[in-house]
2 protein chains.
Amino acid sequence: MDGSLGLERTERQGEVLDAALALLVEGRERFTMESVARRASCSKETLYKWFDDRDGLLTAVVQWQASKVRPGAYDAANLTASALRASLEDFAVTWLGVVSGPPSIALNRAAAAHAGGGKAELGQILLSEGRFAIGARVKPLLEAAREAGLLSFDDSETAFRTLFGLVARDVQIRLLLGDRPAIDIAREAAKAADQFLTLYATPKPQKGPHP
Amino acid sequence: MDGSLGLERTERQGEVLDAALALLVEGRERFTMESVARRASCSKETLYKWFDDRDGLLTAVVQWQASKVRPGAYDAANLTASALRASLEDFAVTWLGVVSGPPSIALNRAAAAHAGGGKAELGQILLSEGRFAIGARVKPLLEAAREAGLLSFDDSETAFRTLFGLVARDVQIRLLLGDRPAIDIAREAAKAADQFLTLYATPKPQKGPHP
DNA sequence: GTCGAACCGTACCGTACGGTACGCTGCAAT
DNA sequence: ATTGCAGCGTACCGTACGGTACGGTTCGAC
C-alpha cells in the first residue's frame, strides 16, 4: 500500500487541502466550508466539485496529512543489541514527536468527534495510516531481532502493543483532552526502549536457534 | 475532594442528567438542547435555568457521570507480593472495563471535540476525575509496596505512568477513533500486572524462580 | 479571435439549532 | 380559595452553516 488509494491530487488541490489542514490545526476558526474556501482562496462550488460534501473534504484532509507522515522503515539487517535499541528509541522519538504535534492532535480530535456520530471512516484512516502502519513497520524489526536471538516473544503483535503502551503511556489521551503534559521526548523514548528490552530481551546474549 | 464541587443536584436534575447522558452515549440522535429536553421530558427553559447554556449542560453531564465512577481505593496494609499483584490486576481490570464502556467513550469523544475549540474544561474534568484520580489512588499502593520492599522505583508518578501504559496500550485511542478492538480484559490485565512487576519488583534476595 | 472549461467570488436558499418568551398545569404555603 | 412558584410544552427569533446557482475572469485549444 502506498497510501494514495488511487486518489492523486493536483497541485492546486493539494494547496487547498493544506489550507484546510492549517485551518483545522490552528483551531481559531470553525472548520466550515466557507472558512476553508476563504482561506484557500477558492470557491465553495469548487470544494463541492472536488470533494463532494463536507465529509468528503474532511476525509480528504485527513487522508492528505496522514499520507504525509508515513513512518520510515527500520533496517532489520545486521541487527545488534545496540542497533536494536537505537531503532526502538528512534521509533519512540518519532512517534512521540508526531502525536504531540498539532496536526496529529487536531486530526485525531476531528476523527473522534466524527466517530461520535456513527461514522468511523476518519478514525479508520488515521488508524490504518498511523497505528497500524507503524505496527507493520515495527513488527518486522521485532521479528528480525527475535531471529537474531536478541528478543524472545510469542506474538509480535502483542509485543508491539506493549512497546506502544510503554511509549505512549498517557500522552496521547491527555493531549486529545486538551492537557499539555510537559514531556521530554528523548528521555521518555530512551526509558521506553529500556523497559521494552527489559521485558523482551533474551536473558543471555547468545546466538539464535538458527545459526 | 469528594467530587461534588459544591454542585449538589436535586433528584429531578439527576434524572435529566441521566437522560442527557443516555442520549450522548447512544449517539443515535444529535446532542441538542431540544433532544435533551424531549428525552428528559422537561422544557428547554428549565435546561437553561439549571445549566445556563449548552456548555453548562455538557459540563454538568460530564461531571455527573465522572463522579459516578470514582475509582476505589486499594488496601495498602499487610502488603504481600501476591496481594500487590492482585491489586494491580484489579486496577487494570477496573480501568479497562471503564474506558471500554460506552459512557467513557462518548464522554471522552465529547471532551476531545470540545478541546478542538479552545475550551479544555471538559477534558480537564475527565482527566481529574479519571486519569489523575486513579493515579492518586494507585500511587499510595505503589509507595506502600516500595515501603514493604516489594517494589523499587524513584518516582511513583513515573512508575504509575508506566503501569498506565502497560494497561492501556492502544485500547483507548482505538476506541475513541471508532475501532472495536477485541480485548480479553482479564488476560490483558494479568499480563500488564505481570510486566509491571517484571520491571519494578525488587529482585528477590534468594528464592530462585525455579524451585 | 472565439470557444469552452475550470474556477473565483458572491448572493442566495433551507434548515437546524441555540436561546428566549409565554401560556398552562400542578402544588405547596398562607 | 388565593397566591406564587416551579416546571412543562410550544411557539418563536436570529444566526450559522451546508449546499446551490450564477455571473465574471482566466487560460489553453483551435
Side-chain angles (χ1 to χ4, degrees), chain A residues 7-62 64 106 109-111 113-119 121-122, chain B residues 7-62 64 106 109-111 113-119 121-122:
Chain A
L7 290 176
E8 292 301 327
R9 300 291 183 191
T10 68
E11 187 179 345
R12 177 65 181 135
Q13 287 175 338
E15 292 173 20
V16 170
L17 290 174
D18 280 332
L21 180 66
L23 199 69
L24 198 63
V25 168
E26 294 169 13
R28 303 179 54 91
E29 205 174 349
R30 295 242 321 167
F31 187 86
T32 179
M33 299 303 275
E34 193 204 341
S35 65
V36 170
R38 192 175 344 109
R39 179 65 167 263
S41 293
C42 72
S43 72
K44 283 170 65 177
E45 193 164 13
T46 300
L47 292 182
Y48 284 102
K49 176 169 189 173
W50 287 347
F51 309 108
D52 289 341
D53 53 13
R54 188 178 185 277
D55 263 21
L57 174 57
L58 217 37
T59 304
V61 170
V62 171
W64 182 248
R109 278 177 184 157
H114 208 73
K119 299 167 278 190
E121 188 176 358
L122 295 189
Chain B
L7 289 176
E8 292 301 328
R9 299 291 182 191
T10 68
E11 187 179 344
R12 177 65 182 136
Q13 286 175 339
E15 291 172 20
V16 171
L17 290 175
D18 280 331
L21 180 65
L23 200 67
L24 198 62
V25 168
E26 295 170 13
R28 303 178 56 91
E29 206 174 350
R30 295 243 317 166
F31 187 87
T32 178
M33 300 304 276
E34 194 205 339
S35 65
V36 171
R38 192 175 344 109
R39 178 65 168 263
S41 293
C42 72
S43 72
K44 283 170 64 175
E45 192 164 14
T46 301
L47 292 182
Y48 284 103
K49 176 170 188 173
W50 285 347
F51 309 109
D52 289 342
D53 55 13
R54 188 178 186 278
D55 263 22
L57 174 57
L58 217 38
T59 305
V61 170
V62 171
W64 182 248
R109 279 177 184 159
H114 208 73
K119 299 168 279 190
E121 189 177 358
L122 296 188

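Below, chain A is the first sequence line, B the second, and so on; all start at residue 1.
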*Whole Å only: how far is the CZ atom of A/F51 from the P atom of D/dG19?*
14 Å
*Could you please name the option among C/dC7, C/dC8, D/dG7 that lies closest to any side-chain atom of A/K49?*
C/dC7
*asked:* How long is the straight-line distance from OG1 of A/T32 back to CZ of A/R39, given to the nearest 0.5 Å?
replied: 14.0 Å
*What is the distance, rounded to the nearest whole Å, between atom CG of A/D52 and atom P of D/dG18?*
15 Å
*Atom CG in A/L122, atom CZ in A/R109: separation rounded to 0.5 Å?*
15.5 Å
*Taking the side chain from B/S35 and the backbone from B/F31, do they hold a donor-acceptor pair closer than 3.5 Å?*
no
_A/Y48 side chain, from C-beta outward: closest of D/dT20, C/dG18, D/dC17_ = D/dT20
_Side-chain N or O of B/S43 versus OP1/OP2 of D/dT10: is the shortest distance under 4.0 Å?_
no
_If you compare every side-chain N and O of A/W50 against the phosphate oxygens of C/dC7 (OP1, OP2), does one of them come in below 4.0 Å?_
yes
*For A/R12, all residues meeting salt bridge (charged side-chain N to carboxylate O under 4.0 Å, His left out), sequence neighbours excluded*: A/E15
*Any chance CZ of B/R30 has more than 12 other-residue heavy atoms, nucleotides or ligands included, within less than 6.0 Å?*
no
*Selection from C/dG18, D/dG7, C/dC8 that lies nearest to any side-chain heavy atom of A/T46*: C/dC8
*asked:* Once rounded to the nearest 0.5 Å, what's the spacing between atom CG of B/L21 and atom CG of B/L58?
replied: 10.5 Å
_Per B/D53 side chain, nearest of listed nucleotides C/dG19, D/dC8, C/dC8_ = C/dG19
_Could you tell me how far apart A/L58 (CG) and D/dC17 (P) are, to the nearest whole angstrom?_
15 Å
*asked:* Without decimals, in angstroms, what is the distance between B/L47 CG and C/dA21 P?
replied: 16 Å
*N or O in side chain of B/R12 less than 4.0 angstrom from D/dC8 OP1/OP2*: yes
_A/S43 side chain to A/T46 side chain, donor-acceptor N/O pair below 3.5 angstrom_ = yes
*Supply the atom-to-atom distance A/E26 CD to A/L24 CG, rounded to the nearest 0.5 angstrom.*
10.0 Å
*Between D/dC17 (C1') and A/R38 (CZ): distance, integer Å*: 12 Å
*Separation of B/D55 atom CG from C/dC17 atom C1', in whole Å?*
14 Å
*Of the nucleotides C/dG18, D/dG18, D/dC8, which one has an atom closest to the side chain of B/M33?*
C/dG18
Using a cut-off of under 3.5 Å, enumerate the N/O to N/O pairs linking the protein to nucleotides 11-16 of chain C.
none

All N/O contacts under 3.5 Å from nucleotides 24-27 of chain C to the protein, with atom names and distances to one decimal?
none

_In whole Å, I'd like the distance from the CG atom of A/L57 to the P atom of D/dG18._
10 Å
*Can you establish whether the number of heavy atoms outside B/Q13 located under 6.0 Å from its atom CD is more than 12?*
yes
*Can you see which heavy atom on B/D53 is nearest to which on B/M33, and at what distance?*
C-CE, 4.3 Å
